[in-house]
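Nothing here was measured: the structure is a model prediction, and the numbers come from that model.
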Amino acid sequence: MQAYNRLPSSGSNSPRSPPASPLSRSPRRQRPSKPVRPPSNTLAQRLAYTLLSLLLKRQGLFLFAPLLYISVMLFYMGTVSFDVVPVIKHRPTPGSVYRSPQLYAKVRREMESDNSYGDTISTIWKHSYKGREWRPCINKSLQGLPESNGYIFIEANGGLNQQRTSICNAVAVAGHLNATLVIPNFHFHSIWRDRSKFGDIYDEGFFIKSLENDVRIVKTVPGYIMERFDYNLSNVYNFRIKAWSSIQYYRDTVLPKLLEEKVIRIAPFANRLSFDAPPAVQRLRCLANYQALRFSNPILTLGETLVARMKERSANNSGKYISVHLRFEEDMVAFSCCVYDGGEQEKTDMDAARERGWRGKFTKPGRVILPGEIRLNGSCPLTPLEVGLMLRGMGFSKSTSIYLASGKIYDSERHMAPLLEMFPLLQTKETLASAEELAPFQNYSSRMAAIDYTVCLHSEVFVTTQGGNFPHFLLGHRRYLYGGHSRTIKPDKRKLALIFDNPSIGWKGFKKQMLSMRSHSALKGLQLKRPNDSIYSFPCPDCMCKANKTEDSRSSSVT
């Protein structure tokens with residue numbers, strides 16, 4: 001008798017197992033029971049529920065969700081009419097529009113009614129530095145000079161003060177190489193258009209005499225030497241020297257050729273000597289710039305006359321006046337590529353000026369000019385209006401006397417009007433001097449600049465607006481005169497560009513910003529020369545001594 005298996009086997013029925021359900025015999029797997037569907041009241045609800053159920057059962061459909069979304073959006077957009085296109089207003093990029101006239105119109109009434117002005121011109125430097133902490137101090141040689149190694153002839157290029165750099169550097173190089181310096185020749189430039197010679201601008205005899213114990217200086221190369229070159233300087237060997245070359249380069253490279261040829265040319269010569277030089281070289285630079293270079297008698301006489309007239313017209317301020325160096329001549333505006341509010345006429349004028357002065361430099365293929373970025377970078381020349389707003393914001397009132405050093409202002413009738421409204425006591429060399437007094441200098445830009453230089457040098461406050469060689473030399477010369485302090489306002493033009501471009505600023509906010517800028521200039525006080533600084537801007541300590549120190553030999557003569 002067969003025994004019963006107590007454990008049921010898979011796929012068979014034991015006698016003790018209950019009868020199988022008829023569905024269990026189907027070869028297909030039994031499906032799960034359907035979820036109970038909640039009642040739906042609307043067609044939208046039923047469709048949503050159906051779609052959700054389908055996605056839950058077929059999760060792969062999620063891959064098609066982006067396509068479904070795009071389809072729905074396209075269907076929706078097809079129902080929208082595009083007959084009306086929305087208008088999008090674009091605000092000009094910061095700095096691309098000259099907004100200073102709008103600012104002036106906005107703050108003018110409140111500015112004129114502002115009664116908080118004090119005696120700014122007399123108090124501006126009150127706490128900024130210790131008076132006479134430094135004094136002029138340049139040692140002169142008391143010994144004779146050894147036999148000369150030869151003659152150096154240089155060509156001074158550029159405007160008045162770039163030429164001045166060349167002269168002072170040439171004195172330093174000639175002294176270091178024990179060479180004889182020939183009175184420098186001035187290069188005629190298409191921009192400055194000045195055919196002046198050395199003696200027309202500087203006192204030639206005084207220059208030679210002041211340096212006689214340090215550097216030999218002659219007016220011409222001796223004939224017995226020039227005979228070898230057919231009396232033609234263009235036949236003389238010309239060095240093409242890189243900018244900012246070290247004095248050692250002159251010793252190693254130039255001196256051997258000088259000893260061989262006995263005369264050499266260096267043209268052009270502007271900025272051909274490094275600012276970082278040994279003390280003996282720096283001493284010669286100081287000597288040339290602050291003692292030997294004195295303006296010719298006609299320039300010096302008229303310059304001093306205009307200084308006296310400015311002091312007379314500044315009696316209400318104890319004879320103190322402000323000088324402003326304004327670079328808003330046509331060539332400066334053209335070179336900057338900045339845009340003001342002159343419209344098509346301004347564009348025509350500037351295009352013509354660029355072509356005259358630089359012949360295609362600004363129209364080269366691929367060159368992109370972005371006036372807004374130029375302005376925000378602080379490279380746009382300040383307009384007369386902007387200078388006036390800045391000075392009024394700094395606390396200078398309508399009663400302040402101003403001397404304006406400048407060439408011919410571009411579109412002067414329009415641009416000068418607001419500045420004259422803000423400062424009616426403003427003067428220029430043309431208003432201070434008679435036509436007869438100016439006649440000998442009228443067509444010579446360097447001589448006119450020398451007159452401006454003299455009047456600015458003796459002002460209580462000097463304001464520089466654009467940079468360049470003119471203010472850099474004045475900064476140093478004023479430091480040399482005023483105990484190491486330049487008494488100069490040098491505004492932050494990047495910050496000014498943002499302030500002038502701000503449509504929401506009011507007079508109080510503007511004045512607060514300007515007073516802060518003025519304080520920054522005043523608090524700089526004494527600044528000593530660092531290795532790569534120009535000795536012509538920072539004469540301390542190379543050209544000056546501490547006031548409590550005793551020097552064996554000293555000089556306090558000034559140009």
Side-chain angles (χ1 to χ4, degrees), residues 136 156 158-168 184 186 189 191-192 194 196-204 206-207 270 286 288-311 321-329 332 402-409 427-433 437-438 440-482 486-490 534-537 539 543 557-559:
L160 174 71
N161 290 286
Q162 192 169 346
Q163 290 172 346
R164 191 175 183 121
T165 304
S166 297
I167 296 166
C168 297
F186 289 169
H189 194 279
I191 296 296
W192 289 278
D194 191 327
S196 297
K197 304 299 182 185
F198 186 97
D200 296 322
I201 298 175
Y202 299 104
D203 188 330
E204 200 171 83
F206 183 82
F207 179 70
C286 296
N289 188 45
Y290 297 115
Q291 294 192 26
L293 278 179
R294 185 172 73 183
F295 289 130
S296 64
N297 193 56
I299 291 174
L300 198 59
T301 300
L302 182 57
E304 290 176 348
T305 298
L306 299 191
V307 169
R309 290 174 187 174
M310 277 303 301
K311 290 182 177 180
Y321 62 94
I322 292 178
S323 61
V324 178
H325 182 227
L326 180 62
R327 291 303 316 274
F328 204 71
E329 302 91 346
M332 188 68 220
I402 292 181
Y403 178 81
L404 192 68
S406 175
K408 184 180 179 182
I409 301 296
Q427 303 285 344
T428 65
K429 53 186 172 292
E430 288 81 8
T431 60
L432 280 175
E437 288 175 315
L438 279 180
F441 316 98
Q442 196 68 58
N443 296 318
Y444 300 95
S445 60
S446 292
R447 300 184 208 183
M448 296 286 271
I451 294 170
D452 279 339
Y453 186 99
T454 304
V455 184
C456 291
L457 184 63
H458 297 286
S459 64
E460 180 69 15
V461 181
F462 173 61
V463 182
T464 173
T465 65
Q466 183 60 21
N469 289 300
F470 186 96
H472 286 166
F473 267 88
L474 266 170
L475 281 169
H477 210 151
R478 289 170 63 81
R479 286 186 170 110
Y480 189 78
L481 287 180
Y482 299 118
S486 67
R487 297 189 180 186
T488 297
I489 293 175
K490 188 177 180 182
S534 166
I535 199 169
Y536 309 120
S537 296
C543 311
S557 301
V558 297
T559 302

Salt bridge (Lys or Arg N to Asp or Glu O under 4.0 Å) against R478, all qualifying residues, sequence neighbours excluded: none
Under the side chain to side chain contact (heavy atoms under 4.5 Å, CB included) criterion, do Y321 and V455 qualify, and how do the steps go? CA-CA 10 Å; Y321 62 94; V455 184; 3.7 Å; yes
Please give me the minimum heavy-atom distance between R309 and A433, naming the atom from each residue. NH1-CA, 3.7 Å
What pairs with C286 under disulfide (SG to SG under 2.5 Å), at least two apart in sequence or on another chain? C543
Residues which pass disulfide (SG to SG under 2.5 Å) with C168, listed by chain and number, not counting sequence neighbours: none
Would H472 and S534 count as a side chain to side chain contact (heavy atoms under 4.5 Å, CB included) if you check the C-alpha gap in whole Å, the side-chain angles of each, and the deciding distance to 0.1 Å? CA-CA 9 Å; H472 286 166; S534 166; over 6 Å; no
Which word best sums up how the rings of H477 and Y290 line up, parallel for under 30°, tilted for 30 to 60°, or perpendicular for over 60°? perpendicular
Pairwise side-chain contact, M448 with Q442, heavy-atom cut-off 4.5 Å (strictly under): yes
Nearest heavy-atom approach of E437 to P440 is O-CD, 3.4 Å
Taking only residues two or more places apart in sequence, or in another chain, which ones meet K429 in a salt bridge (Lys or Arg N to Asp or Glu O under 4.0 Å)? D452
Nearest 0.5 Å, what's the NZ-NE2 distance between K311 and H458? 7.5 Å
Please walk me through it: do I322 and V463 pass side chain to side chain contact (heavy atoms under 4.5 Å, CB included)? CA-CA 7 Å; I322 292 178; V463 182; 3.8 Å; yes
E304: partners by side-chain contact (heavy atoms from CB on, under 4.5 Å), with sequence neighbours left out: L300
Sidechain-backbone polar pair: R327 side chain, Q466 backbone, donor-acceptor under 3.5 Å: no
Contacts of type side-chain contact (heavy atoms from CB on, under 4.5 Å), residue A450, not counting sequence neighbours: L160, F295, I299
CG on N297 to CG on L302, rounded to 0.5 Å: 11.0 Å
So, S486 side chain and R479 main chain: donor-acceptor pair closer than 3.5 Å or not? no
For T301, check side chain to side chain donor-acceptor pair (under 3.5 Å) against everything at least two apart and list the hits. none
For N161, give me all partners under side-chain contact (heavy atoms from CB on, under 4.5 Å), at least two apart in sequence or on another chain. R164, Y453, N469, F470, F473
Could you check R487 against E460 for side chain to side chain contact (heavy atoms under 4.5 Å, CB included), going step by step and ending with a plain yes or no? CA-CA 7 Å; R487 297 189 180 186; E460 180 69 15; 3.3 Å; yes
Do the two ring centres, one from F207 and one from Y202, sit under 6.0 Å apart? no
Smallest separation among heavy atoms of Y403 and C456, with atom names: CD2-SG, 4.4 Å
Backbone N or O of R294 within a donor-acceptor pair of the D203 side chain at under 3.5 Å? no
Listed by chain and number, what are the side-chain contact (heavy atoms from CB on, under 4.5 Å) partners of A270, not counting sequence neighbours? N157, Q162, S166
Results of salt bridge (Lys or Arg N to Asp or Glu O under 4.0 Å) for E430 - residues two or more places apart only: none
Quick one: does any side-chain atom of S537 pair with a main-chain N or O of L475 as donor and acceptor, under 3.5 Å? no
From F441 CZ over to I201 CD1, what is the distance, rounded to the nearest 0.5 angstrom? 11.0 Å
With the side chain counted from C-beta on, respond yes when F198 and I167 share a heavy-atom pair under 4.5 Å apart, and no when they do not. yes
Hey, does the side chain of S406 reach the backbone of L404 with a donor-acceptor pair shorter than 3.5 angstrom? no
So, S296 side chain and D200 main chain: donor-acceptor pair closer than 3.5 Å or not? yes
Close side-chain approach of L474 to F462, heavy-atom, < 4.5 Å: yes
For the backbone of K408 and the side chain of E329, can you confirm whether one donor and one acceptor N or O come within less than 3.5 Å of each other? no
